[in-house]
2 protein chains.
Amino acid sequence: MGNISQPSYHHGNLRRVIIDAALQAIGESGPAGWSLRELARRAGVSHAAPAYHFGDKQGLLTAVAAEGFAMFADALESAAADVWEVGVAYLRFALDHRPYFEVMFRPELYRVDDPSVQSAHQRAADVLITSAHSLSPGPEHDRTTTVAAWSLAHGFTTLWLSGALPESTDGDPEALARSMIRLVFGALAGGSAPGEDRTGSRR
Amino acid sequence: MGNISQPSYHHGNLRRVIIDAALQAIGESGPAGWSLRELARRAGVSHAAPAYHFGDKQGLLTAVAAEGFAMFADALESAAADVWEVGVAYLRFALDHRPYFEVMFRPELYRVDDPSVQSAHQRAADVLITSAHSLSPGPEHDRTTTVAAWSLAHGFTTLWLSGALPESTDGDPEALARSMIRLVFGALAGGSAPGEDRTGSRR
DNA sequence: CACCCTAGCTTGACATTGACAAGATGGCGA
DNA sequence: TCGCCATCTTGTCAATGTCAAGCTAGGGTG
């Protein structure tokens, strides 16, 4: 048969299969454009099978968000060595893993208080806070700088994804993001150029 | 009865009533936490009445988005006299009219190609583009500045609304927004302080 | 003033959905 | 070999979006 198994019972890894089906469905029609029953159909199982693993739809989306934030934190941590690249990594994650991203920042879709979600979210936040820290022109501006950096990255990412930016904004989003970061924080940090790693130079 | 009329037929302004009910419902449980039938119940009409005016759920949300973008454009235009206040107006609109905002930037919820949506959206975009223009350190940075300003405003707004910012970020969002704008674009524009109106100082 | 025409609403129906309860199955440990 | 229980299925229910068809009243027409 060559097939990766299709027994009626004890599917084996149904949980993963459903999550993957959800991600694909989200990619096709957004985080609300599908039903649990449709995922079950795609996975070739009965209509109530998904509920066993996730309780309800919110439970499934909570699993997606948790996984997403974990991957997000990993991506940010990998880029953290070069502070000027963290913002770009933020954008790239959203582009590469759009379905995850579309769930993650929609708190009403899942259970925000879920422990696995919270810990991964915190891990991602830590990278952002640390990075922004080294971009700040002085301790009294730390908080403002952090929120500004975060907002810039998040704002550009979501605007790009939603297609709300003016038509003139075409081309390579990563390149545009890089010039934004250089423009804004280059002036701020007082001339220290991207490429020079300023991590740890303060604090 | 003192009641503003409740005839069975020819309600009179049902369209408006349904939109208002939708806005309230969105405020209570997000843009997806309610049903057309529930709105009909709240309005005291039959379950299919809303469909007459809006076609379907997407039609209703399209009407909300169109109205929202129109109000948004008005708000931005009112603030446009002082360039440094446009970003704050962006935020304030979202805070004051959250239900509108939550629909507006979720294109999958409504018909983006609707003419009334598009024209209002364009009007809002124009204000943002013009404002950012006068913040740019030079013509070669116009596009980057525009997108940066837009992203900063939008990012901070949506992060604030979603509650994704670190707990340390409390207090008055408008004040924080103002210091962000001053910090980022103050350095950029080369020392011209907020308060001094630079509109028109460049082309 | 009688008529009717149609915008505005209602009634009825249908497939689909999320959620729950109860039953079936089969791999694994004792 | 046997029983247990995690995993999945089957059956069911109320709620929903959407469509089709019917009803009603109020303004325009004669």
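Proteins come first, then strands; the chains are lettered A, B, ... in the order of their sequence lines, and each starts at number 1.
- Closest approach of R178(B) and V88(B) over heavy atoms only: CG-CG2, 3.9 Å.
- Residue-level contact check: A48(A) touches the bases, meaning some heavy atom is under 4.0 Å from a base atom.
- Residue L14(A) has its side chain nearest to dC8(D) when only dG12(C), dT17(C), dC8(D) are considered.
- A donor-acceptor contact under 3.5 angstrom links the side chains of S136(A) and D142(A), judged on distance only.
- Take W160(A) and apply the ring pair (Phe, Tyr, Trp, His ring centres under 6.0 Å) test, not counting sequence neighbours, and it matches F156(A).
- By the ring pair (Phe, Tyr, Trp, His ring centres under 6.0 Å) test, F54(A) pairs with no residue at all, sequence neighbours left out.
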Tabulate below the donor-acceptor pairs under 3.5 Å that side-chain atoms of residues 63-72 of chain B make, not counting sequence neighbours, or state none.
residue	atom	partner	partner atom	Å
E67(B)	OE1	R16(B)	NH2	2.5
E67(B)	OE2	R16(B)	NH2	2.7
E67(B)	OE2	Y100(B)	OH	2.6

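- Taking the six-membered ring where the residue is Trp, the centroids of H97(A) and F101(A) are separated by 6.0 Å or more.
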For W84(A) and I181(A): C-alpha separation, side-chain torsions, deciding distance, then whether side-chain contact (heavy atoms from CB on, under 4.5 Å) applies. CA-CA 7 Å; W84(A) 300 89; I181(A) 295 171; 3.7 Å; yes
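- Between H47(A) and H53(A), the residue anchored nearer the 5' end of DNA chain D, judged by the nucleotide with its closest heavy atom, is H53(A).
- For the segment residues 56-66 of chain A, the set of residues with a heavy atom within less than 4.0 Å of an atom of DNA chain C comprises D56(A), K57(A), in numerical order.
- For the segment residues 36-44 of chain B, the set of residues with a heavy atom within less than 4.0 Å of an atom of DNA chain D comprises L36(B), R37(B), R41(B), in numerical order.
- Residues satisfying the side-chain contact (heavy atoms from CB on, under 4.5 Å) test with Q118(A), not counting sequence neighbours, are none.
- In this structure, OH of Y52(B) is placed 17 Å from P of dT11(C), rounded to the nearest angstrom.
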